[in-house]
Amino acid sequence: MKKVAFLLSLYSIGFLFTISSCENRKTQDKNEANTNTDTSANQSKPNVLLIVVDDLGYSDLTPFGGEIRTPNIQRLADNGLIVQQCYTTPLCAPSRAMFMSGMDNHISGVGAMPPFQAASQYMQPGYEGYLNDRVMTLPEVLQENGYHTYMSGKWHLGHEEGKRPFEEGFERSFSFLGGGASHFSNSFPLGPEEVIHTVYYDDSVKVKKLPDDFYSSNYYADKMIQYITEQKDDRPFFGYLAFTAPHDPLHVPDDWMDKYKGAYDKGYDHIRQVRMENMKKLGLIPKDLPMNPGSGEYKKWNELSAQEKKVEARRMELYAAMLEIMDLNIGRVLDALQKKGKLENTIVILIGDNGANPKDPSFYKTDMKPFDNSLDNMGKPNSFVSLQGAWAEVTATPYSYFKTTTGEGGVRVPFIISGKGVTIKGIDASNKILGTDIMPTLLEIAGAKRPDTYKNNKLAAMTGTSFNKLLSNKRSTIRDENAGYGIESLENKAYYKGDWKIRFLMPPFGKGQDWQLFNVKEDPREKQDLARQKPEKLQELLSGWNEYSQKVGYIPYHGGRAYTVLGPKNFFKSKLDSTNKALIEKAALELQRGGE
């Protein structure tokens with residue numbers, strides 16, 4: 001009996017194992033079928049490489065008339081489309097919020113770049129200083145639609161827990177959280193207010209020490225290449241390569257120090273003229289457009305002493321070398337894609353975040369004592385020099401002003417899209433696109449839909465417009481001529497409608513009182529203010545600005561800087577708790593009484 005029972009038990013186990021094996025095989029077959037279907041669907045979706053350049057002048061790159069050697073970016077332009085009128089905000093973080101959210105920066109959380117929020121704006125909706133809960137980021141949407149998501153470079157959209165790249169949709173990331181820092185391994189912050197987010201993360205691990213041979217552009221490219229080459233499956237990827245070059249400090253490795261030696265010895269106007277001639281040949285500007293003489297805020301080249309000329313030429317030599325190094329690294333990434341057989345199925349977008357930076361290090365309240373900024377030491381790890389205003393104007397040729405302002409040189413940026421599905425080549429000079437348009441365009445191309453809610457939060461509507469149809473039809477119109485749009489950052493404002501623009505500039509480049517009116521088609525240099533001659537047109541655009549500002553939740557700057565009112569410790573709590581609320585209310589009361 002025991003033997004029979006044993007045999008029956010053994011038979012039962014075998015029977016159950018057989019059933020289980022069959023069920024497992026069915027499940028495996030089903031999963032393989034789904035995988036095969038998913039693979040087939042995924043292979044039809046293009047990879048995306050979004051390259052952002054930090055504080056780039058409009059005319060710096062070869063495809064935009066620049067004398068700086070950028071052959072790999074030229075390669076993208078030769079096989080793609082340049083949109084001649086692409087607009088962002090005049091500052092880094094708000095522009096990047098546009099790219100990552102598809103919505104106006106006043107809605108997504110970066111209405112003012114931290115830590116520059118006013119007391120009236122601090123932790124108000126749209127002014128949190130990071131991507132808020134109304135946003136589902138571009139990588140989050142793409143990840144939910146079958147994409148791998150990789151990031152390497154500058155984030156600047158939140159250092160707070162829950163707001164870092166590895167928490168905002170990036171599967172792999174090497175990220176710098178702040179606005180700028182040394183490009184070498186010494187990683188010094190721009191100034192005391194930057195310390196809190198002068199931090200690197202390797203995925204979710206805070207980096208304690210950078211490699212001794214770290215140089216930002218090289219390392220960011222290394223990481224992106226690593227992520228692409230380590231990918232084992234055929235799923236598409238989204239890569240966000242966000243360089244910190246050529247943001248100050250101007251730093252280059254030793255073997256690049258003299259690559260542009262002597263190239264800028266003839267000064268500002270010579271380079272302006274060279275770039276103007278190149279731009280006219282390329283068809284980027286009208287052949288009869290006069291050279292922009294600049295704002296008059298800075299000394300002319302012939303007014304500088306011999307030593308001052310050497311220092312100024314050296315600034316631009318370093319800046320140019322930084323851009324060529326960046327271009328070389330873009331080439332390395334493109335070559336890695338080619339080697340993996342992925343380049344033909346990849347869309348590559350290159351965009352600047354705003355114009356070149358006119359500020360010197362004192363803007364950051366930097367203690368300059370530790371630095372050696374002598375002529376022979378400029379560009380080395382223990383130096384801190386910047387491009388400054390005169391050259392920043394030149395980089396914007398033929399436009400006016402630069403970063404921080406809403407002059408065309410501050411908000412009109414280089415834009416190239418190349419690769420899979422881009423069948424229209426050359427220059428589109430008729431359409432205007434915004435930084436907010438990148439996300440809806442890529443979602444349409446990827447066949448990805450963004451939900452109405454995410455993580456139990458209702459999402460705000462994207463304000464961007466897809467320009468996908470422009471990539472295959474040169475007659476496409478992306479925006480109706482009567483559809484205006486606004487830009488604002490730190491009270492520098494602009495509103496565009498058709499060929500017209502109104503501009504409001506804060507000191508020192510404007511009075512901070514009056515709106516100016518320009519026809520940017522006839523006067524792209526913004527030299528003829530028509531506000532008095534055309535008061536009806538001025539009022540029409542002012543009405544548009546008012547409607548825009550209400551729609552996006554713009555809050556006027558009032559009550560002084562929140563950082564000053566609250567102090568660093570309270571400010572960086574990023575909470576409007578009882579302490580911070582009381583301090584802000586006190587500051588508002590003092591203001592009403594005539595205080596500062």
Side-chain angles (χ1 to χ4, degrees), residues 48 50 88-89 93-114 117-118 120-147 149 151 155-171 173 238 240 434-468 479 483-489 546-556 562 573-577 580-581:
V48 178
L50 173 58
T88 60
T89 78
S95 295
R96 289 156 198 266
M98 284 179 153
F99 308 155
M100 289 294 109
S101 72
M103 60 181 72
D104 188 280
N105 56 294
H106 299 87
I107 301 172
S108 63
V110 195
M113 189 171 80
Q117 298 101 314
S120 57
Q121 300 164 340
Y122 184 73
M123 296 313 295
Q124 295 301 311
Y127 288 82
E128 294 89 346
Y130 49 76
L131 294 177
N132 59 32
D133 292 338
R134 294 187 279 183
V135 171
M136 186 177 184
T137 66
L138 175 57
E140 284 173 331
V141 181
L142 289 176
Q143 191 174 51
E144 292 209 348
N145 282 270
Y147 275 71
T149 53
M151 175 190 170
W155 179 237
H156 210 194
L157 293 174
H159 66 273
E160 294 83 357
E161 185 176 345
K163 301 300 178 183
R164 296 162 295 190
F166 58 89
E167 298 159 318
E168 293 278 24
F170 286 105
E171 174 187 334
S173 59
F238 167 64
Y240 180 42
L434 307 178
T436 53
D437 299 343
I438 290 173
M439 181 166 171
T441 302
L442 293 178
L443 295 188
E444 182 180 341
I445 291 170
K449 296 201 178 290
R450 194 193 73 149
D452 295 327
T453 60
Y454 184 62
K455 295 180 181 177
N456 298 318
N457 295 306
K458 183 172 175 54
L459 301 178
M462 288 191 292
T463 58
T465 301
S466 172
F467 54 79
N468 184 33
R479 279 185 167 77
Y485 56 90
I487 296 170
E488 185 274 336
S489 195
N546 290 331
E547 184 180 340
Y548 157 79
S549 63
Q550 290 173 24
K551 183 179 178 181
V552 301
Y554 156 73
I555 300 172
K573 285 190 297 188
S574 298
K575 292 179 181 178
L576 193 57
D577 58 13
N580 283 355
K581 191 174 181 182

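We number each residue from 1, following the sequence as shown. Note: hydrogens, waters and symmetry copies are ignored here, and every other heavy atom, side chains too, is used.
Taking each heavy atom of N468 and T441 in turn, the nearest pair found is N-CG2, 3.8 Å. Closest approach of S466 to E444, counting heavy atoms only: OG-OE1, 2.5 Å. Taking each heavy atom of F238 and Y147 in turn, the nearest pair found is N-CD2, 3.8 Å. Closest non-hydrogen pair, L157 versus R96, comes out as CD1-O, 3.7 Å. Nearest heavy-atom pair across M462 and S101 is CG-O, 3.7 Å. Minimum heavy-atom separation, N132 to I107: ND2-O, 3.0 Å.
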Working for side chain to side chain contact (heavy atoms under 4.5 Å, CB included), residues Q117 and Q124: CA-CA 10 Å; Q117 298 101 314; Q124 295 301 311; over 6 Å; no
May I have the step-by-step check of side chain to side chain contact (heavy atoms under 4.5 Å, CB included) for R134 and K458, ending in yes or no? CA-CA 6 Å; R134 294 187 279 183; K458 183 172 175 54; over 6 Å; no
Run the numbers on T436 and T465 for side chain to side chain contact (heavy atoms under 4.5 Å, CB included), then give the verdict. CA-CA 7 Å; T436 53; T465 301; over 6 Å; no
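Here the CZ atom belonging to R479 is positioned 10.0 Å from the CZ atom belonging to F467, to the nearest 0.5 angstrom. With rounding to the nearest 0.5 Å, the separation of CD in E128 from CG in D133 is 8.0 Å. For the atom pair CE of M100 and OH of Y240, the computed distance is 4.5 Å after rounding to the nearest 0.5 Å. The distance from atom CE of M136 to atom CD of Q143, rounded to the nearest 0.5 Å, is 9.0 Å. In this structure, CG in L138 is found 9.0 Å from CD1 in I438, a value given to the nearest 0.5 Å. In this structure, the separation between OH on Y554 and CD on E488 is 5.5 Å, given to the nearest 0.5 Å.
Checking E168 against T137 by side-chain atom types alone, no donor-acceptor pair falls below 3.5 Å.
In this structure, the side chain of S95 engages the main chain of T89 through a donor-acceptor pair within 3.5 Å. Judged by distance alone, the side chain of D437 and the main-chain N or O of L434 form a donor-acceptor pair under 3.5 Å. At least one donor-acceptor pair closer than 3.5 Å links the side chain of Y127 to the backbone N or O of I555. For S173 (side chain) and M151 (main-chain N/O), no donor-acceptor pair under 3.5 Å exists by modelled atom type. A donor-acceptor pair under 3.5 Å is absent between the side-chain atoms of S108 and the main chain of L131, judged by distance alone. Judged by distance alone, the side chain of T463 and the main-chain N or O of D104 form a donor-acceptor pair under 3.5 Å. Formation of a donor-acceptor pair under 3.5 Å by the E167 side chain with backbone atoms of P165 is not found in this model. Between the side chain of T149 and the backbone N or O of G169, at least one donor-acceptor pair lies under 3.5 Å.
With a 4.5 Å cut-off on side-chain heavy atoms, H106 and Y548 count as touching.
The neighbour count for K449 NZ, taken as heavy atoms of other residues, nucleotides or ligands under 6.0 Å away, does not exceed 12. Atom CG of D452 has 12 or fewer heavy atoms from other residues, nucleotides or ligands within 6.0 Å.
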